[in-house]
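For reference, positions follow the sequence shown, starting with 1. Read the numbers this way: they start at 1 and go in the same order the structure lists the ligands and their atoms.
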Amino acid sequence: MLYFKNRGIFTVNSYSILFYYHIMKRDSEIFNYIQQENQRQLYGIELIASENFVSDQVMEAMGSILTNKYAEGLPGKRYYGGCQVVDEIETLAIERLKELFGATWANVQPHSGAQANTAVFSAFLNPGDKILGFDLSHGGHLSHGSPVNISGKWFDANFYGVEKETGRIDFNKVANQILDLKPKLVISGASAYSRDWDYKTLRKACDEVGAMLLADISHPSGLIAKGLLNDPIQDCHIVTSTTHKTLRGPRGGIIMMGNDFENPFGLTTLKGKTKLMSQVLDGAVFPGTQGGPLEHVIASKAVAFGEALSDDYFTYIKQVKLNASVMADEMIKKGYQIISGGTDNHSMLIDLRSKNLTGKVAEAVLGQAHITTNKNMVPFDDKSPFVTSGIRFGTAAITSRGIDESGMVEIVNLVDEALMAAEDDNKLNAIGEKVKSMMAGKPLFATPVTA
Ligand code: DSN
């Protein structure tokens, strides 16, 4: 039998209460805001696909005295003294991460997913080089070549998208695009794409033109780690990810390599030694694009990787996937149009045009009912990114709170009720009360315990 430990509704654990006590005495302004955010998180339904709730241990490591330590460099090769303890911590983080994904090499220092991607670009590209990524307006990510990001400003960014009829990427078409374009780097991965990726087809095309293949698995990394989606590690030259989405760690980034870590890259050095791709990447993180690593966050990443190696996490992430598929089915039953007709992962993108709603209105209406989401462009959208025709849902956070399939049916009913009451404040407030009572008493991080 599976049940969930409840550690009270004021906050997530006693450590946090201690933390609040100190901060209350020393800075009541900030304490009040943190308490307000604590209440918002506790009583709301969190459906933002890129968010999650971390365990007490993950949070404790992040709030630890490790924040005091400078450690530029890598374990055993630092530019500061006193790194003997953080060396052990960072090494453990790297080893756990490699075990989790079956990677051969890893760097755990990137401060975020966008930083991890920027390090990859700075390692292997020169300004003006051609890159090929998934179109932002079809569900891609800013750091994959958008003109407002360094990746689009410094490189010749080209894009692939989904098919209008299916809402899916046709990987054979992308392979042909790679053969025609001959980019230096191809990026797979998305912020709002609910289907799996064909890394093998992409790699074959990349090999034919000598392109490098990067998989940014920030969204589905937890599902990939546990074998619930295709594995990019051996097929892609490089894999980047955030650590705070389905992986349920602190906010941060990582870079990994599988088969290609010992590939030589670039010119031989003055001493006649050829650099390996992994060495070039290490140098691109520090000193290339970052200064001192955040060792408190690296410790917290290590804790999260340890959790993700456990059977409890496997139970959790399977439930995330099941909850998403139940949610998509229930939305479809209520007449909503899911891009690609469903989901293989934790997320879904919903085109609201058939309901005569914009993403902007839907986000605001659901917010009034304490259901947090984000508006999102849908493929071939006729509205601006500030309005959008779509909304994106994800189940990683709500599953951390202990919600199962029956809870997802209840949530879809509340979502639909709210969207259908878009201009009725009284009704939206009443739905908000139902949401509050549904979430009351559910801890942010509900640890599954097998009795
Ligand atoms: N902005 C994040 C997301 O919501 O998907 C990705 O960086």
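Annotation: ligand 1 has protein neighbours S50, H141, S191, H219, K245, R392, each with a heavy atom less than 4.0 angstrom from the ligand.
Among residues two or more places apart in sequence or in another chain, the ring-ring contact (aromatic ring centres under 6.0 Å, His included) test is passed with H370 by none.
Under the salt bridge (charged side-chain N to carboxylate O under 4.0 Å, His left out) criterion, the residue pairs touching residues 369-384 are R353-D382, E363-K375, with sequence neighbours excluded. Annotation: salt bridge (charged side-chain N to carboxylate O under 4.0 Å, His left out) contacts involving residues 116-141, sequence neighbours excluded, comprise D129-K184.
Under the 6.0 Å distance and 45° angle rule, R248 does not count as a cation-pi partner of Y313. Relative to the ring axis of F386, K360 does not place its NZ or CZ within 45° and under 6.0 Å from the centre. A cation-pi arrangement is not found for K173 relative to F171, the charged atom failing to lie both closer than 6.0 Å to the ring centre and inside a 45° cone about the ring normal.
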